[in-house]
Asks: 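Mind having a look at this structure? Questions to follow.
These numbers come from the heavy atoms of this one structure, side chains and all, not from hydrogens, waters or symmetry mates. Residues take their numbers from the sequence shown, with the count starting at 1.
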Amino acid sequence: MPPSGNRHDYLSWAPYHWPDCNWCPSQSSIESREFFDVVISPPGLREQSILEHPASNDPSRYDLFSANDLPPWLPPTIDHSQDISLDVPVAKSPIGISPPNDESDSSPTPNIPILSDRPLIVGPTAVMATPSSPMQVSTGTATTTSNIATGTLRPAKNPVKTSTSSPNCTPSPTKSMPPSATWTTCPYITKDGQRNPDVNLPGDSSSMVSMSQAVLYNSLAAVLSKTPAKYSQTAVSLVNTWFIDPQTAMNPHAQYGQVVRGPGIQHGDFMGVLDLRALIQIINGILILKAANDSNWTPSMERDMQAWIANYDHWMVTSDIGRKAGEAANNHGTFWMSQIGGIKLYRNDPGGVREGMQYYFTHQFLDQIAASGEQPFEAVRTRPFHYRCFNLEGMMTNAKLAQQAGLDMWDARSRYGGTIQAATDFLMRVDPKDEDVKELLPHVATAWAVFGDPTGKYRSFLERADPTYQSQPWWLYDQPNAIKPARAPSPSPSSRLRWQKRNRTAKTDSQNIVKPAAFLDTDTIQLDDGVFVTWEDLQPYYVLDSPDNTSMAGSTSARRDSVEDRGMQLRRHIEKFARPKWKKSL
C-alpha cells in the first residue's frame, strides 16, 4: 500500500536505495540481525573505456564514420548475397490511418474523481475535445528499461557523488520483527546503479510497462490484422481497467512514485514521474483505435480518458514533484517533456506540442550533447551506456512528437554543436562492457530512417549486434514511412545562422567551455535521489574527443548573458505551462 493508504494511488520504490540498519552493538541480538542486517554490497566497479571516435574537420558534417569504422567488439559483418532493403511490408499508414469522426464535445467534462475518502486535489475541470483533424501519431522508440544489466561501470572520469548519510547506529528491536519492518525502520542509503530487487514487490512499475506495451501492440494488431475486434477489445479493456473503472483505476498523479523508504514519513520524489513515461505508448494506442473508428473505443470512454489526462496534466505542471521533474537537466527533464507532448497531442493541442518541444530543444537539450556526441549528464552515472541510451530515447521521442505538430527538430544542435545523430553515432562506438548493447538498436534504426544510411554503417551495426533485428517490433514503427513524410522542410540557411548565433559557445577546451545552465545558481545538481554531480565531474565529458573547430566562438560576456538568460527561463517555464490560456489573453 502507498503511504496514503489509498490503493488507487500509484506506488513504486526508489530502485537504487538499500537499507542501512547499522544496529547499535549493545542492543543487537542474533535473532534481530537475522531479520535486519540485510545490506548487500555492490559488485566490484571497474573502469569504463571509450573507443577512439574519429574527429571531423567539418562542423556541418553529420556522417562521422562509415560501416568500416565500426568497433571491433561487434561480431563480424554478415556476408550478403543481396542487399537487404530497409522497407518492410506494412499496412497502409498503420498509425493515424484516417481522420477520426468528429465526436468533439465542447461542453466541460467531469473530472475523474480521486478514488479515496482522503482525496488529493489535482485541479479544476478542463474543457476537452476529440481530435477532429488527422495527425500521424509517432510511436516512440522501444522501452529501454527491460533487460537491465546486473553489472555496473565506473565513469571514465570522476564518479558521481551519492548521499550515504545515516545515523551512527539505530536502536535494535527488542523482539523479532518481520523483514518488511526494514522498510520503515532502517535508514536507506543510495547506491547509484545498484538495483534493489525488492523494488519489484509493489508491482505497479512493471505492470505499467507491460500494460502500456500491450495497449500499443494490440492497437497496432487491430489495424494490421483481418480480425481486429479481439485485439482492440484487449487494448480497450486494459485502458479501462487502469484509468476508467472506478473499482481499479489509478488516481491521476504520481505522488508516490519511487518512494524513498526509511523511518518517518515515506515520500515520493520527482524521479517517480519517470515511471509514467510509457503513457505515450498508451496515447498512441488510443489514437490508433480512434483513427480506425474502432467501435470498442466508445465516446464515453473517450470523455473519461480525456478527463483523466487533463487531471494528470494539471498535476504534472502544478505539483512540486511534477515541476521538479520538469526542471531536471538530465533524462528526467527529457521524459517529462515527452509526457507533456503526448498529453497535448491527445488533447488535440498541436500548439501546445510545438510550444513544449520548442522549449525543450532550446533549453535542456542545449546542454545535453557535447560536440563529440557524448551525453555528460548520463555518462557520469554508474551505468553510463544504459543512461545514454535512455536519454537518447527521450530525445528521439521528443523529435517525433515535434514532428507531429509540424516542427522539425531532428537537426537541432546543442550549444556545443552536438546533435541527435552525433549522440547515436557516438554510442555506436562505445563498448557497453557488461551492459546490453540491444538497448541502442531501436535508436540506430530510428537514425537510419531519419538521416539515411549512405555508408551502410547503421545496417551493419544492426546486423552485427542482432541478426534478427528485422523481426523486432520496433522495426515496424522505425521505418522511414513512419517518420519522413511528416518531416517539415529543413531550416533555411538564414534561420540556421540565427540558431548558431543564438547558441554560440567558446572553443571546447577544459578552460573555456561554458557551464550548463543548471549550474547557474549552484555548484551541485541532483541527477537522481541521493545522486549529485558537480561541474568538475561533468566538465571532462564535454571536451572528450571533441574537435576544436566543431564549435563556434563567442565573447565571454555574450556567453555569460546567454546562460543567465536561459537560466531565468528555465526557472519560469513550468509556470508558463501551468498558466491557463485565458490568463495569457488578459
Asks: Could you check if a side-chain atom of Trp474 sits within less than 4.5 angstrom of a side-chain atom of Leu441, using non-hydrogen atoms only?
Replies: yes
Asks: For Phe270 versus Ala328, what's the shortest heavy-atom pair and its separation?
Replies: CE1-CB, 4.4 Å
Asks: According to side chain to side chain contact (heavy atoms under 4.5 Å, CB included), who are the partners of Ser338, at least two apart in sequence or on a separate chain?
Replies: Phe335, Thr397, Asn398
Asks: Where the side chain of Gln364 meets the backbone of Thr334, is there a donor-acceptor pair that is under 3.5 Å apart?
Replies: no
Asks: Can you sort out the partners of Thr468 under side chain to side chain contact (heavy atoms under 4.5 Å, CB included), two or more places apart, ordered by chain and number?
Replies: Asp466, Ser471, Gln472
Asks: Once rounded to the nearest 0.5 Å, what's the spacing between atom NZ of Lys515 and atom CZ of Arg415?
Replies: 12.0 Å
Asks: Would you find a donor on one side and an acceptor on the other, under 3.5 Å apart, between the side chain of Ser212 and the backbone of Gln281?
Replies: no
Asks: If we ignore angles and hydrogens, is there a donor and acceptor under 3.5 Å between the side chains of Glu378 and Asn331?
Replies: yes
Asks: Nearest 0.5 Å, please: how far is CG in Leu279 from OH in Tyr346?
Replies: 10.0 Å
Asks: Strictly distance-based, threshold 3.5 Å: is any side-chain N or O of Asn6 a donor or acceptor partner for the main-chain N or O of His8?
Replies: yes
Asks: Between Asn218 and Ala214, is there a donor-acceptor pair closer than 3.5 Å when you use the side chain of the first and the backbone of the second?
Replies: yes
Asks: According to side chain to side chain contact (heavy atoms under 4.5 Å, CB included), who are the partners of Asp204, at least two apart in sequence or on a separate chain?
Replies: Tyr10, Leu11
